[in-house]
Amino acid sequence: MIRAILCSAVAVLCLGLTSFDADAKYTPTTQESPAQKAARLRWWSDARFGLFIHWGLYSVPAGEWNGRTGMAEWFMDETMMPLAQYERFAAQFNPTQYDPDAWVRIAKDAGMKYIVITSKHHEGFAMWDTQATDYNIAKRTPYGKGVLKPLAEAARRAGLHFGTYYSIMDWHHPSQHGAQQNHRNPTLMHPELKAQYVAEMKAELKELIEQTDTEILWFDGEWVNWWTVADGQDMVRYLRALKPDIVINNRVAYLRNDMEGMDRGTPVGDFGTPEQQIPPAGFGPDVYWESCMTLNDHWGYSRADQNWKSPQDVVRNLIDIASKGGNYLLNVGPTAQGRIPEAAVERLDATGRWMRVNGESIYATQASPFAHALPWGRATQKSGRLYLHVFDWPADGKLHVPLRNTVAHAHLLAAPDTPLKTGRDANGVVLELPAQAPDAVASVIALDVSGPVVPLPEAQ
Ligand code: H79
């Protein structure tokens with residue numbers, strides 16, 4: 001379900017080329033206990049909200065070619081432009097307006113705690129100054145230098161964490177110039193060149209750790225038939241030896257099941273990666289996941305794409321995800337000049353205004369104790385405190401919460417000095433609310449309760 005529904009036609013092709021290994025045994029890559037994993041991932045799961053950035057040569061054509069629009073980072077696959085022609089976009093990549101501190105400020109003002117940027121997308125172009133390939137930003141563009149290290153440094157200056165996306169599939173690499181007809185995805189591997197390619201990947205990833213101290217490796221393009229689960233496990237061992245506390249997503253190995261391993265506790269990698277969707281429910285306390293989503297309809301910059309999510313969509317998605325115990329990685333596609341589109345900045349600003357009032361109901365929280373969706377909104381919790389996110393404000397001013405606990409104190413995060421009156425009826429707690437919602441998108445109530453939260457049976 002996670003990504004197969006997005007591209008089912010291609011999926012058939014992809015799976016057709018694959019040796020299906022549903023019975024593969026996933027041998028653990030570390031002896032880590034669940035408590036040790038929780039400690040290693042603490043900063044990441046407390047963060048809840050991050051910025052994804054897709055930036056590469058595809059930002060130059062901006063999704064447009066010969067009158068065709070609506071493409072982005074898959075431009076090279078969708079146009080089937082010859083390699084030599086695509087390479088020439090490098091001569092036009094000159095992001096003179098790139099200001100890493102300004103990008104970090106946009107993320108921080110939105111309430112985000114980490115950034116994940118494409119170091120190399122499927123196009124195979126490296127966005128840092130690398131010795132491992134000459135197909136890189138420092139060598140091939142008029143800009144003449146890498147863009148990742150400055151962003152990593154700006155992020156740390158602002159107290160944000162920094163991570164890097166890396167595509168296993170590479171449409172440009174000689175090892176993968178296969179016999180595809182109408183698409184470059186999925187690549188076919190020349191078997192005699194695989195070891196050299198994997199060595200090159202490892203050299204690049206080592207550089208990313210050395211140059212940027214990347215805290216997350218966010219793999220993608222792992223569905224190619226030549227990348228085995230054993231290759232993914234070997235990669236995890238390699239990276240952990242270089243940086244033991246690094247956080248790695250589950251796309252380091254393609255698990256070929258609908259939930260991408262989340263229902264099995266992500267046997268390879270640390271966290272699940274539902275793409276462009278929010279799972280219907282959480283997966284329990286020891287399963288880590290992050291929904292990644294676009295802010296319009298594309299990941300890379302796509303000039304014609306103005307189908308932006310509203311601030312309400314963004315804020316409610318973030319709440320919905322937090323209420324299920326996940327993270328939200330929200331994407332922007334900067335221009336080849338180095339600007340994050342204004343429409344994206346406006347929406348992130350609006351999200352930040354909501355987060356400044358209500359952030360404590362998101363950061364370092366746990367999933368809702370209520371297994372069933374609440375009719376009026378969502379909930380999160382942390383020790384002794386329950387947060388209620390009210391999407392639909394009750395017309396009669398009474399909010400019903402299916403809770404057995406006694407409420408010691410209740411207030412709106414938008415009005416911390418005004419306690420709310422609480423009562424009970426047969427269905428649990430009843431809160432008396434002011435006539436008007438303080439926030440039309442989502443108003444948050446903090447309930448202080450004693451002992452563990454006990455939902456009434458009908459809400460369990
Ligand atoms: O980087 C962004 C996109 O460019 C990339 N992932 C995000 C983060 C992306 N690549 N592909 N897709 C998104 C959707 C396509 C999925 C498919 Fe497949 C790849 C269909 C067939 C191959 C994976 C394997 C899903 C089904 C089979």
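Only this structure's heavy atoms are used, side chains among them; waters, hydrogens and symmetry mates stay out. Counting convention: from 1, in listed order, for ligands and their atoms alike.
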Pairwise salt bridge (Lys or Arg N to Asp or Glu O under 4.0 Å) hits with a residue in residues 351-363, at least two apart:
E360-R385
Does the gap between the ring centers of W171 and F125 come in under 6.0 Å?
no
Distance-only N or O hit between ligand 1 and W74, under 3.5 Å:
yes
For H122, the ligand 1 atoms with a heavy-atom partner under 4.0 Å come out as 10 (N)
Pull out every atom of ligand 1 sitting under 4.0 Å from any heavy atom of Y165, numbered as shown with elements.
1 (O)
S33: which of K37, Q31, Q36 passes side-chain contact (heavy atoms from CB on, under 4.5 Å)
Q36
Please say whether H121 places an N or O atom under 3.5 Å from an N or O atom belonging to ligand 1.
yes
With only distance considered, is W218 within less than 3.5 Å of ligand 1 through an N or O on each side?
no
Side-chain polar contacts of residues 331-341 - donor-acceptor pairs under 3.5 angstrom, sequence neighbours left out - could you list them?
residue: N331; atom: OD1; partner: H54; partner atom: ND1; Å: 2.8
residue: N331; atom: ND2; partner: W299; partner atom: O; Å: 2.8
residue: T335; atom: OG1; partner: Q337; partner atom: N; Å: 3.2
residue: T335; atom: OG1; partner: Q337; partner atom: OE1; Å: 3.4
residue: T335; atom: OG1; partner: G338; partner atom: N; Å: 3.3
residue: T335; atom: OG1; partner: R339; partner atom: N; Å: 3.1

Note: ligand 1 atoms sitting under 4.0 Å from heavy atoms of H54 are 1 (O), 2 (C)
Could you tell me whether H298 and W308 have their ring centroids closer than 6.0 angstrom?
no
Over-ring placement of K120 relative to Y165, 6.0 Å and 45° cut-offs
no
Quick test of your reading of the structure: of E222, E73, E275, whose heavy atom lies closest to atom 8 (C) of ligand 1?
E275
